[in-house]
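In what follows, every heavy atom counts, from backbone to side chain, and hydrogens, waters and symmetry copies are set aside. Remember, it's 1-based here, ligands and their atoms both numbered in the order they're listed.
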Amino acid sequence: MSKRDTASKNESMNLDLFADDAPPAALDSTASATPPTEPTASATQPHPALSDTAALFLLCERWVSRGWLRDLDLALVRFLDRETQNAPPLLLLGAALASHQLGRGHVCLDIAATLEAPDFALSLPPEGDDLNDPPPLPSHVLATLTLPEWQAALNHPTLISDGPGNTPLVVSHSDNTSKLYLRRYWQFEQTLHQEIAARLSADSPVHSSEPSPLLKRALDTLFPATDTLDWQKNACALSARSPFAIITGGPGTGKTTTVVRLLALLQTLQLAQADAHPLRIRLAAPTGKAAARLNESIAGQVKDLPLSRLESLLGEQPAAASSNAIDIPTEVTTLHRLLGARADTRHFRHNAANPLALDVLVVDEASMVDIEMMTALLSALPASAKLVLLGDKDQLASVEAGAVLGDLCRRADAAHYTPATAQWLAELTDHPLPATLIDPEGQPLNQAITMLRVSHRFTETSGIGQLAQAINQPLSEALRERDKHQAVHSVLNNGYADLHHLVLQPDAQNEDSALERLVITGSTQRFPNAGEGRTNFKGEPVAPPTGYSYYLSTLASERPDTSLAFEKNSEVYDAWAKQVLSAYSRFQLLCALRKGPWGVEGLNLRIAKTLRSEKLLFGNDHTLEKGWFEGRPVLVTQNDYGLKLMNGDIGITMAVPDPRSPSNKPGRSLLRVAFPTSDPENPIHWVLPSRLHAVETVFAMTVHKSQGSEFQHTALLLPQTPNPILTRELVYTGITRARDWLTVIEAKRGILNDAVTREVMRVSGVDITRGCINE
Ligand SMILES: Nc1ncnc2c1ncn2[C@@H]1O[C@H](COP(=O)(O)OP(=O)(O)OP(=O)(O)O)[C@@H](O)[C@H]1O
């Protein structure tokens, strides 16, 4: 039910706060006009905030002032309190914490889990916070509270219900916990579940057991025979059968390769049908950067497809004579564009009432898609269309709420294919599945997922691949923390040609010049053989690692003659910018945090000053910190449709001749930011800095922002102190951004060990797999 329905059914409450477009309610100071002083609580006495609304608001204010809770979370509960009578303080506390979880990636608040580990419910500790006079921790506030007491308070007919209805909150009870949602997110989960379940329902071809001869012939044409089981062929077969399919796998396992063949396969099967039109296929990714990457790799792979051999399979088929040749699109769009994002609203032009005009949709980097976007996507998909999600289930999920791909792929490692699926696959591919992956209890969703298990980019001789594998192992009975630390360090110390491990040894100023040297030169000499003489998995030579001096020297050395006017010599300037942008993509420093000396903010200035001391950049401290200077690399942080820039795009600031200079006095220059485009006719998009509002310097980039990108030499910097944000998913995502070279930097020894044994705790409420899994 939409929030608008809710509002119309409940005239006494203005529930616009929950309407899709409502701005966050302003903080209402009247609710605690005379703030009480905070009484103390002991471990045996309930904290006053559990029973007194004014005390609760006072507590929340203190949490907000420390950044432990968001303004928005407090504003929500003030609103609920104002609009209702006698809202129990425990319910309001739950609502504040449930709202807060959304900003941390969780779609709901798990009450039992919160009572078990209360301090996970807030953003503790905020990066760079000082800990003088801290407010009470949730563990202190909730010390005396029991699950039945909290559950009993989640009972207020105007505010909360346990399912469909018009209350702003929803609670879902299960045997040993209750999950508290803001209704919008509960609804997202319901819709997602219904949409996926409908595609995998009893009459779905996912249950069929008759492989068609054409499917087998086409698969054999696309995949040369192998001695061992080919997971890519399996993925194609399963995804061809199912109206909803997922292909997951680590870096270089061939997700793109597989999907290109899948599209050729689908088109072949389609054209074999009488009077069939070619499938309308669309490709999309969550960010512009990810879309551009997929665009590039798909275009490269389509030309290697055995299309004429596939077409010859259609020889005797009815539609073949009249139909066109097999056509595979290569253009990739962003999800926002595909759905028709509209300014200043969360609604899209395409939705259930105005579905997308397509037959097959492929979404790459699906781990970055949050629950709201995934719901919008499935709602806008015609019931007859096929959805294929590609992504690495082990990567960090989106910062927004909902780790949809991770949740859906929770059982992917052990596959859980039914004997019927196993037989169907074996008939098609001539290779039986390992018995360990067969499960008579396997559920429909399991039959729609394939995990690619062999990396073609990172072989056993690649330290990057080995490290990714070691880090990705979850802790278990068989893999204790110590074993995992040992496994990770044995990779780091193995002497792999592509891997360098740097532990900083801070001096009295808390600095170590090794970091400075790394960002300038890439510390090439620290790699075996100084990075010379390596070839990649295709046998092609790999250029040695670099640092930021490489692109800055390229910028200076390749600068066109400044007497060439900018407007009239666009090809010359475009070629220069292309060289500089390509040089920039050779190195990127990634870090975990935003604030503090080891976060983006501190590192950006530190690196800019380092590069200035090498005379690679120019500008005073203020300019380097807040202004524009030649060489400044910038990251776009929000889509800007007007400027055709997408979140994640990287541009470099370059000085070009100012067209306003009098012709008798050339030499004045103007800064413009060069962004690459996918248009070969117009490869560079030049933008005036003054037009760029949502950009930041990107000498250092957070791992979160780096998702969907890869860099030839990636340096991942871990900070000096442990932090809940440092998890194995973050480290895994960071290191798998490296294509050829990886430097892992610990600002203090031991931080890597700490990070690789901490896992992201994600709370998703109903299992969106429920029902699909439990037939
Ligand atoms: N079966 C295969 N045999 C040999 N090479 C392969 C095979 N599959 C893929 N490759 C090669 O491995 C590289 C990675 O493949 P691809 O780009 O499809 O993987 P991916 O999983 O999409 O990678 P990522 O998402 O990490 O960019 C490509 O160069 C591709 O040509």
Side-chain angles (χ1 to χ4, degrees), residues 219-237 239 245-265 283-287 289-306 328 330 332 362-369 388-396 405 409 412 429 431 449-462 464-465 467-469 472 498 535-542 585 588 648 703 706-712 714 732-740 742:
L219 279 170
D220 288 343
T221 306
L222 285 160
F223 294 90
T226 50
D227 295 336
T228 51
L229 189 152
D230 183 346
W231 281 107
Q232 297 182 348
K233 192 172 184 179
N234 278 6
C236 258
S239 309
I246 298 179
I247 301 175
T248 183
T253 47
K255 298 179 288 297
T256 317
T257 309
T258 307
V259 87
V260 167
R261 294 182 193 184
L262 171 66
L263 298 178
L265 174 69
L283 309 165
T287 65
K289 187 81 195 165
R293 249 191 85 203
L294 181 63
N295 208 127
E296 213 171 284
S297 51
I298 285 223
Q301 305 236 14
V302 167
K303 58 179 173 23
D304 294 337
L305 282 171
I328 311 296
T330 53
V332 186
V362 173
V363 178
D364 194 19
E365 298 288 355
S367 59
M368 295 167 72
V369 183
V388 183
L389 302 178
L390 305 181
D392 183 347
K393 69 180 175 59
D394 295 313
Q395 273 193 36
L396 276 176
L405 189 78
C409 293
T429 65
H431 283 289
I449 299 178
T450 321
M451 182 171 141
L452 303 180
R453 295 160 195 255
V454 179
S455 177
H456 295 280
R457 185 176 303 143
F458 299 126
T459 57
E460 316 77 74
T461 59
S462 154
I464 300 171
L467 188 63
Q469 230 174 52
N472 209 12
D498 53 352
T535 51
N536 68 11
F537 68 100
K538 289 182 177 162
E540 300 158 345
V542 172
S585 72
Q588 181 67 57
V703 174
S706 74
Q707 280 179 277
S709 300
E710 62 173 16
F711 312 95
Q712 194 176 23
T714 296
Y732 172 79
T733 305
I735 64 178
T736 54
R737 301 307 90 211
R739 202 171 71 213
D740 296 326
L742 173 69

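From the protein, the heavy atom lying nearest to atom 13 (C) of ligand 1 is F537 CZ, 3.7 Å. Ranking the protein heavy atoms by distance from atom 23 (O) of ligand 1 puts G252 N, 3.2 Å first. From the protein, the heavy atom lying nearest to atom 22 (O) of ligand 1 is T256 OG1, 2.5 Å. For atom 19 (O) of ligand 1, the closest non-hydrogen atom of the protein is G254 N, 3.1 Å. From the protein, the heavy atom lying nearest to atom 4 (C) of ligand 1 is H456 ND1, 3.7 Å.
Those atoms of ligand 1 with a heavy atom of Q232 less than 4.0 angstrom away are 1 (N), 7 (C), 8 (N), 9 (C). Atom numbering of ligand 1 starts at 1 in the shown order; those under 4.0 Å from a heavy atom of K255 are 18 (O), 19 (O), 20 (P), 21 (O), 22 (O), 25 (O). Applying the 4.0 Å criterion to heavy atoms of R293 picks out, from ligand 1, the atoms 24 (P), 27 (O). Applying the 4.0 Å criterion to heavy atoms of K538 picks out, from ligand 1, the atoms 29 (O).
Taking each heavy atom of C236 and L219 in turn, the nearest pair found is CB-CD2, 3.8 Å. Pairing each heavy atom of S297 with each of T256, the nearest pair is OG-CG2, 3.5 Å. The two residues L262 and S239 come nearest to each other via the heavy atoms CD2-CB, 3.6 Å.
Proximity of S297 to ligand 1 is not established, as no heavy-atom distance is less than 4.0 Å. The closest approach between Q301 and ligand 1 falls below 4.0 Å for a heavy atom of the residue.
For ligand 1, the polar-atom distance check against P251 finds no nitrogen or oxygen pair separated by under 3.5 Å. Between E710 and ligand 1, no pair of N/O atoms sits closer than 3.5 Å. Checked by distance only, ligand 1 and T257 come closer than 3.5 Å through their nitrogen or oxygen atoms.
Annotation: salt bridge (Lys or Arg N to Asp or Glu O under 4.0 Å) contacts involving residues 225-237, sequence neighbours excluded, comprise D220-K233.
Note that the CG atom of N472 and the CD atom of Q395 stand 10.0 Å from one another [nearest 0.5 Å].
No side-chain heavy atom of D394 sits less than 4.5 Å from a side-chain heavy atom of T736. Here the side chains of D392 and Y732 are in contact, with some heavy-atom distance below 4.5 Å.
In this structure, a donor-acceptor pair under 3.5 Å is present between the side chains of Q301 and T257. Side-chain N/O atoms of S462 and D498 include a donor and acceptor closer than 3.5 Å.
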